[in-house]
Amino acid sequence: MKQLLVFGMPFLISLISLGASFLDGKKYMYSPAIKLANQFLWVFWIYISKNWGFMPLAIILIPIYYRNHLLWTRAAKKDQVQLVKPTEQ
């Protein structure tokens with residue numbers, strides 16, 4: 001099972017990363033939150049696969065994605081930016 005996770009998870013996590021980046025371009029309100037949650041999947045994969053060289057970037061991206069999520073939600077509440085909500089698609 002561990003070998004399957006070590007081999008297969010990067011493909012799934014990468015697809016989530018690409019999808020969230022695509023949603024950024026559509027100004028989808030929750031894309032920073034998706035990226036933040038996905039980053040924890042990367043940290044988990046790094047831990048189980050012992051690819052420690054990826055850990056610094058994974059850790060550094062967590063507060064960046066969290067900050068982006070806060071900025072997007074605050075801007076949406078103040079109507080400074082028009083973000084697409086899930087029900088508007």
Side-chain angles (χ1 to χ4, degrees):
M1 180 66 172
K2 182 179 174 183
Q3 290 176 341
L4 180 63
L5 287 175
V6 169
F7 177 76
M9 272 187 77
F11 296 104
L12 175 64
I13 301 171
S14 294
L15 284 174
I16 295 170
S17 298
L18 289 171
S21 294
F22 176 78
L23 292 174
D24 276 346
K26 296 183 86 158
K27 294 185 180 178
Y28 182 69
M29 184 172 184
Y30 299 111
S31 64
I34 293 169
K35 286 182 175 183
L36 179 61
N38 194 47
Q39 203 58 31
F40 287 103
L41 291 174
W42 276 118
V43 170
F44 174 73
W45 177 80
I46 292 165
Y47 177 77
I48 65 168
S49 66
K50 299 188 180 3
N51 281 297
W52 303 115
F54 292 111
M55 191 62 84
L57 178 61
I59 298 298
I60 289 169
L61 286 174
I62 289 172
I64 292 171
Y65 290 155
Y66 180 70
R67 176 187 165 270
N68 290 347
H69 174 65
L70 291 178
L71 290 174
W72 278 45
T73 53
R74 286 179 189 157
K77 286 178 184 176
K78 293 179 182 178
D79 289 329
Q80 293 175 339
V81 64
Q82 183 64 33
L83 297 175
V84 176
K85 296 179 183 168
T87 57
E88 297 174 357
Q89 294 180 357

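Just so you know, residue 1 is the first one in the sequence shown, and it goes up from there.
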Exercise: identify the closest heavy-atom pair between [X] and [Y]:
X: Met55; Y: Ile46; result: CE-CG2, 3.5 Å
X: Met29; Y: Trp72; result: O-CE3, 4.0 Å
X: Asn51; Y: Trp45; result: ND2-CH2, 3.2 Å

Quick one: are [X] and [Y] in side-chain contact, heavy atoms under 4.5 Å?
X: Lys2; Y: Ser49; answer: no
X: Lys35; Y: Asp24; answer: yes
X: Phe40; Y: Ile62; answer: yes

Between [atom1] on residue [X] and [atom2] on residue [Y], distance to nearest 0.5 Å:
X: Leu61; Y: Leu57; atom1: CG; atom2: CG; value: 4.5 Å
X: Leu12; Y: Ser17; atom1: CG; atom2: OG; value: 9.5 Å
X: Ile16; Y: Ile34; atom1: CD1; atom2: CD1; value: 9.0 Å
X: Lys77; Y: Thr73; atom1: NZ; atom2: OG1; value: 5.5 Å

Is it the case that one hydrophobic cluster holds both [X] and [Y], taking links as side-chain heavy atoms less than 4.5 Å apart, direct or via other members?
X: Leu18; Y: Leu36; value: no
X: Leu70; Y: Ile60; value: yes
X: Phe54; Y: Leu15; value: no

With no hydrogens and no angle check, is any side-chain donor or acceptor of Ser31 less than 3.5 Å from a backbone partner on Tyr28?
yes

Is the side chain of Asn38 donor-acceptor paired with the backbone N or O of Ile13 at a distance under 3.5 Å, no angle test?
yes

Going by side-chain contact (heavy atoms from CB on, under 4.5 Å), name the residues that satisfy it together with Phe44, two or more places apart in sequence or in a different chain.
Met9, Ile48

